[in-house]
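Contents: one structure, followed by commentary.
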Protein chains: 2
Amino acid sequence: MNIGQAARGSGISTKMLRYYESVGLLTTVRRTEAGYRVYSQDDVGTLRFVRRARDLGMPLDRIKHLIGLWQDEGRSSADVKRVATEHVVELRARITELTRMCEALEHMADACHGDHRPECPILEELADEGHCAPTPPEAARRKHRQGAAGKSPFGALQGVA
Amino acid sequence: MNIGQAARGSGISTKMLRYYESVGLLTTVRRTEAGYRVYSQDDVGTLRFVRRARDLGMPLDRIKHLIGLWQDEGRSSADVKRVATEHVVELRARITELTRMCEALEHMADACHGDHRPECPILEELADEGHCAPTPPEAARRKHRQGAAGKSPFGALQGVA
DNA sequence: CCTTGACCTTCCCACCATGGGAAACCTCAA
DNA sequence: TTGAGGTTTCCCATGGTGGGAAGGTCAAGG
């Protein structure tokens, strides 16, 4: 079967089928003499596996790991469970972080009248000067590397959306 | 003050300060004769505003919008509140989606013994054949566009992490 | 046989926000 | 004057996804 059929059968776009192949998620993709990709029914099974794992928010390398276990008859379910649990932990971390953001913003929005006047607690909170030290008060002013200063607030959050 | 000081004072990396400027988040960045960027105390205030909005998971264009309102004395708080509420809605959508994933995966993991044997409900669920129709059963086999088949499961989720 | 249209190929670009690093230049203190 | 450390611009990478161009293939119908 051609790539289009495989796409429809797996629910993954042809773009992504080629991409997954390029990053090594699918090992054996046969070709016709003309260079067309040829997919077997088994390939589509693997692709559906991939799609379901993506639906759970897994990054491709974790899915690759899982496929390896899936195809390894000698696996132990403990290994699979570990991968799954790892992902659950990350999902929970993201949920916690988003919940924190959401609650903070809801709290600010609740305090806002939302009328025609310019006064707004949301802006005041965001602009608040005394919120975090404007500069390390009287600390080392020379000899300071920038180092960990600008760390992304989203360091631990990668992958899905 | 130089970019390094501004970075330490705002909690945003120098990389990001240059990037934010390049995408128009900061309008007026003065330069010394030598080409060094010069930041005022006010600039650092704006940058802290940006950082707090980022901490709430806002994408830069929303922050840009918010800064516009912040600097507009004639704004109405309703406009600010609308932007905030819009963001709350998106955060909640992401949380819902992640929670769905998390619960599904937890459910699978709970069913897995996690021992030395290869049998694993997690893999079985991911590989499940009768899960979604293998191919539109006997539907139009010719004349089918691929269309909406491969839509990303994360369409509505962009921005943070 | 040739056209047409659906399909396929590769390659590049864009998104979003962030970091890494190179090569060159500036500044200030010792 | 030298050296260290700050700064500049420029390019590249990430992770998944989509868009599109330029060209090759294939099958059906005239």
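In this text the structure is predicted, and so the values were computed from the model without any measurement. Naming convention: chains lettered A, B, ... in sequence-line order (proteins, then strands); numbering from 1 in each chain. Atom set for the values below is all heavy atoms of this structure, side chains included, hydrogens, waters and symmetry mates excluded.
Qualifying salt bridge (charged side-chain N to carboxylate O under 4.0 Å, His left out) partners for A:R31, counting only residues two or more places apart in sequence or in other chains: A:E21. Every residue meeting the salt bridge (charged side-chain N to carboxylate O under 4.0 Å, His left out) condition with B:D115, not counting sequence neighbours, appears here in chain and number order: B:R117.
Sorted by first and then second residue, the ring pair (Phe, Tyr, Trp, His ring centres under 6.0 Å) pairs involving residues 37-84 of chain A (not counting sequence neighbours) are A:F49-A:W70. Among residues at least two apart or in separate chains, salt bridge (charged side-chain N to carboxylate O under 4.0 Å, His left out) pairs with a member in residues 80-89 of chain B are B:R62-B:E86, B:D79-B:R82.
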Please list, for nucleotides 26-29 of chain C, all pairs of protein and nucleotide N/O atoms separated by less than 3.5 Å.
residue, atom, partner, partner atom, Å
C:dC26, O2, B:Y36, OH, 3.3

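Remark: P of D:dG16 and CG of A:L25 are 10 Å apart, rounded to the nearest angstrom. B:N2 places its CG atom 19 Å from the P atom of C:dC25, with the value rounded to the nearest Å. In this structure, CD1 of A:I3 is placed 16 Å from C1' of D:dC26, rounded to the nearest angstrom.
No side-chain donor-acceptor contact under 3.5 Å links B:N2 to the backbone of B:G4. No donor-acceptor pair under 3.5 Å is formed between the side chain of B:R92 and the backbone N or O of B:H87. One N or O on the side chain of B:R75 and one on the backbone of A:P118 form a donor-acceptor pair closer than 3.5 Å.
Close to C:dC8, at under 4.0 Å from its OP1 or OP2, lies no side-chain N or O of A:R31.
B:R18 comes within 4.0 angstrom of a base, heavy atoms only.
When the local axes at the two ends of the helix from C:dC1-D:dG30 to C:dA30-D:dT1 are compared, using 5 base pairs at each end, they differ in direction by 40° after rounding to 10°.
A:Y20 pairs in a side-chain contact (heavy atoms from CB on, under 4.5 Å) with only one of the listed residues (A:I63, A:L60, A:V29), which is A:L60.
At a cut-off of 3.5 angstrom, counting only N and O atoms as typed in the model, there is a donor on one side and an acceptor on the other between the side-chain of B:K15 and the base of C:dG21.
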